[in-house]
Number of protein chains: 2
Amino acid sequence: MVSMKDVARSAGVSVSTVSNVLNRPDYVSAANRIKVLDAITRLGYVRNNAARQLRDGRTRTVGLVVLNIANPFFIDVIRGVEETLHRAGLSVILCNSDGQPLREESNVEMLEEQQVEGVLISPVDPGSAWLAKLGDRGVPIVLLDSRADGSGQCSVSVDDVLGGRLAASHLLEQGHERLVYVSGPPLLHQVTERREGVLAAMTEAGVPADRLTVIECSELSFGAGCDAGERLLGIRPRPTAVICANDLLALGVLQVMFANGVSVPGDVALVGYDDIDFAAGSAVPLTSVRQPRYELGQTAATLLLHEVDDGPDEHEHQQIVMSPELVVRASSSPAHAGWSRSQSPWSRSQSPWSRSQSPSVRR
Amino acid sequence: MVSMKDVARSAGVSVSTVSNVLNRPDYVSAANRIKVLDAITRLGYVRNNAARQLRDGRTRTVGLVVLNIANPFFIDVIRGVEETLHRAGLSVILCNSDGQPLREESNVEMLEEQQVEGVLISPVDPGSAWLAKLGDRGVPIVLLDSRADGSGQCSVSVDDVLGGRLAASHLLEQGHERLVYVSGPPLLHQVTERREGVLAAMTEAGVPADRLTVIECSELSFGAGCDAGERLLGIRPRPTAVICANDLLALGVLQVMFANGVSVPGDVALVGYDDIDFAAGSAVPLTSVRQPRYELGQTAATLLLHEVDDGPDEHEHQQIVMSPELVVRASSSPAHAGWSRSQSPWSRSQSPWSRSQSPSVRR
DNA sequence: TAGCCGCTATGTATCGTTACATACGGGACG
DNA sequence: CGTCCCGTATGTAACGATACATAGCGGCTA
């Protein structure tokens with residue numbers, strides 16, 4: 001472990017001079033600067049961050065805790081956050097709570113011990129006591145994809161009730177009346193709010209609430225979606241449309257529908273949520289509710305920056321709510337659905353890649 | 001900023017006693033222990049990690065630098081690493097180099113300043129000078145998904161030449177002779193080795209090397225795959241089979257094939273790499289080369305643990321190479337491909353979800 | 001020639017925590 | 001009754017980097 005003292009000795013100067021070379025190079029004569037820089041590379045010296053931040057209190061680091069790193073939705077959020085904060089000279093410590101309150105708590109505890117200057121978090125439970133504690137201690141917090149109730153905190157979220165309503169209205173307009181909502185962990189307000197939106201749309205359309213069946217999944221993943229698909233098969237009377245709490249669930253459901261010979265959207269219409277890249281490229285291109293993912297991260301990071309810079313007193317908290325947008329594709333719309341049935345538009349002669357041109361596959 | 005001194009004053013004891021309560025509670029009388037714990041919660045004290053690690057040199061933290069966090073392949077690798085290291089009481093700082101040597105370098109620099117006790121890295125370029133420097137400074141390194149050339153480092157990788165060979169042999173056996181390899185950035189040895197495997201298989205099968213066309217992508221992403229798909233359409237004479245450097249590219253290619261009326265596998269067979277969850281659930285279930293992702297992370301973490309514990313002198317470096325496995329699905333195999341054409345097995349009466357039972361979709 | 005100024009270089013206290021050495025007080029034993 | 005020892009509590013010196021105050025040195029001016 002080579003320290004400034006070693007560099008100083010090796011260069012024949014004092015530690016102060018070494019420090020000056022690193023932090024205020026113009027205070028040092030050219031000769032000494034060269035000697036010091038030379039010694040640094042020769043000994044392979046690296047700054048000790050712990051000592052630095054102990055000395056001057058600032059860490060220039062913030063924490064980012066996401067709900068589920070396996071969800072492509074959060075990947076774009078992360079990108080938005082990191083790019084914004086790096087531009088401002090802050091480092092980001094990325095944590096994954098994986099939807100588990102315990103992991104979330106231990107993550108935040110760790111971040112606090114690291115003396116982060118702020119925390120961006122998509123909380124499992126936004127009302128948890130220790131989250132409030134964290135705020136009381138003076139650590140700036142911005143809720144990500146979650147709405148702060150009072151005005152005591154900043155938050156950036158997307159209107160999930162609206163999203164649910166968009167998805168459901170779209171299906172109701174096409175005459176569907178037996179809906180299924182494939183939900184996630186009830187602790188996640190996102191998924192319950194989306195369900196509320198679905199119910200609101202049904203009420204508006206005059207469809208009784210008991211026409212909605214809810215399947216609950218323990219997590220928002222492809223695997224959980226497959227399980228939900230299996231359960232879906234057993235529901236009587238058959239639903240004609242399915243709304244999933246996110247695209248991963250929807251892709252899992254879609255997979256099981258295929259495996260069991262259920263046509264989408266022929267037998268059942270399917271709508272996802274998030275509009276991840278794979279949604280467009282799946283077995284049947286997936287209708288989905290698009291969220292401004294990158295902007296979500298970007299905006300949250302900007303709010304945090306303001307709060308960090310303004311200081312705790314002078315800061316005015318903001319609750320920003322963004323709007324989602326429905327993207328209609330084949331999975332919910334007969335008009336787009338041609339190709340998933342036998343009347344596929346390109347399985348005929350007009351294919352630009354006709355069979356006669358390409359050597360046929362032997363076997 | 002409340003410190004031990006404040007806690008001590010408030011509890012009417014010395015800082016040493018506070019420290020003892022936290023680190024060796026049995027050395028302290030019950031009365032004082034209670035007074036101290038009480039003061040801690042009352043003041044909202046949190047340990048200052050910087051001071052701690054400055055004091056005793058150890059950080060119990062390692063760095064993990066992945067190539068691309070948007071790739072589901074790495075998500076499982078990360079999981080394997082984190083679970084293994086957390087069990088051993090180490091924290092993990094997760095970094096994303098995004099395939100950019102510059103970002104990689106700045107990440108590692110940061111990790112070094114944080115005094116991490118080791119680094120797990122899937123390097124952009126395993127031969128880079130600064131990676132060697134890092135090792136020279138005594139920081140244990142384990143290469144992830146990359147093979148160490150000499151025996152000077154630990155590494156865990158998967159045999160990419162074999163993977164490429166498996167993919168190509170499978171296609172050649174079915175009579176394909178005009179292949180395309182959709183490659184990634186040439187800097188990534190994984191993608192070049194997979195190509196070598198493809199060529200090796202062609203040589204074995206007596207197919208001349210000029211029957212392989214290579215399309216190069218700037219990154220391994222869904223979007224780049226779409227671009228590759230467009231370029232694919234222009235190639236003459238038509239290839240009959242496509243191997244992609246990873247599944248994200250393959251899904252992008254698949255999407256464009258569909259949009260342009262090219263049947264998969266009818267007109268062109270498609271093979272991906274990684275076997276991510278979405279591979280099985282895509283428009284045409286994707287044949288893919290499966291890698292032991294979780295085990296890769298787990299094994300690498302275990303190696304790092306050993307190196308950290310053994311100390312730099314007593315440690316014996318290991319280069320572990322795992323084997324990939326071909327998973328055949330519809331995208332490359334007429335036998336599996338029924339449903340993607342008009343003779344879909346479930347679009348007929350045997351559907352468990354027959355149209356007569358479900359209310360038909362009105363408009 | 002004395003005094004002063006500016007330019008560099010250095011000494012030193014400090015951040016918060018911890019381990020170790022030391023101090024203190026009461027009980028037990030000789 | 002003195003001594004020793006054990007169980008607690010406390011004082012203190014680090015860890016490495018930094019900012020600030022101060023010191024030295026040469027040259028310039030009055």
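Residue numbers start from 1 in every chain, and the chains themselves are labelled A, B, ... in the order their sequence lines are given, proteins ahead of strands.
Residues A/T61 and A/V92 have side chains not in contact (no heavy-atom distance under 4.5 Å, counting atoms from C-beta outward).
Using a 4.0 Å heavy-atom criterion, one finds that A/N48 contacts the sugar-phosphate atoms exclusively. Residue B/N20 is in base contact, counting any heavy-atom pair closer than 4.0 Å across all strands shown. Counting non-hydrogen atoms under 4.0 angstrom, B/T17 reaches a base of the nucleic acid. Base contact: B/S16 has a heavy atom under 4.0 Å from a base atom. Nucleic acid contact for A/V13: sugar-phosphate only, since backbone atoms but no base atoms lie under 4.0 Å from a heavy atom of the residue.
A/S122 contributes no side-chain N or O that, together with a main-chain N or O of A/D145, makes up a donor-acceptor pair within less than 3.5 Å. Between the side chain of B/E117 and the backbone N or O of B/R60 there is at least one donor-acceptor pair closer than 3.5 Å. Under a 3.5 Å cut-off, the side chain of B/R137 and the backbone N or O of A/G44 do form a donor-acceptor pair. Under a 3.5 Å cut-off, the side chain of B/T302 and the backbone N or O of B/Q298 do form a donor-acceptor pair. One N or O on the side chain of B/R33 and one on the backbone of B/P25 form a donor-acceptor pair closer than 3.5 Å.
At whole-Å resolution of the value, CD1 in B/I40 and C1' in C/dG16 are 14 Å apart. At whole-Å resolution of the value, CG in B/N23 and C1' in C/dA19 are 10 Å apart. C/dT10 atom P lies 14 Å from atom CZ of A/R24, rounded to whole Å. Atom C1' of nucleotide C/dT17 and atom CD of A/Q115 are separated by 12 Å, given to the nearest angstrom. Here C/dG11 presents its P atom at 13 Å from NZ of A/K5, a figure rounded to the nearest Å. Separating the CG atom of B/D6 from the P atom of C/dG16 is a distance of 8 Å, rounded to the nearest angstrom.
Position along DNA chain C of the nearest nucleotide to A/V15 versus A/D56 favours A/V15 as the more 5'-ward residue. Each of B/G12 and B/R55 was matched to the nucleotide of DNA chain D holding its nearest heavy atom; the match closer to the 5' end belongs to B/G12.
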For this session: Apply salt bridge (Lys or Arg N to Asp or Glu O under 4.0 Å) to the pair A/E112 and A/K133, showing each step before the final yes or no.
Result: CA-CA 11 Å; A/E112 248 190 305; A/K133 280 257 172 57; over 6 Å; no

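Chain A approaches DNA chain D within less than 4.0 angstrom (heavy atoms of the protein), and the contacting nucleotides run 5' to 3' from D/dG16 to D/dA19.
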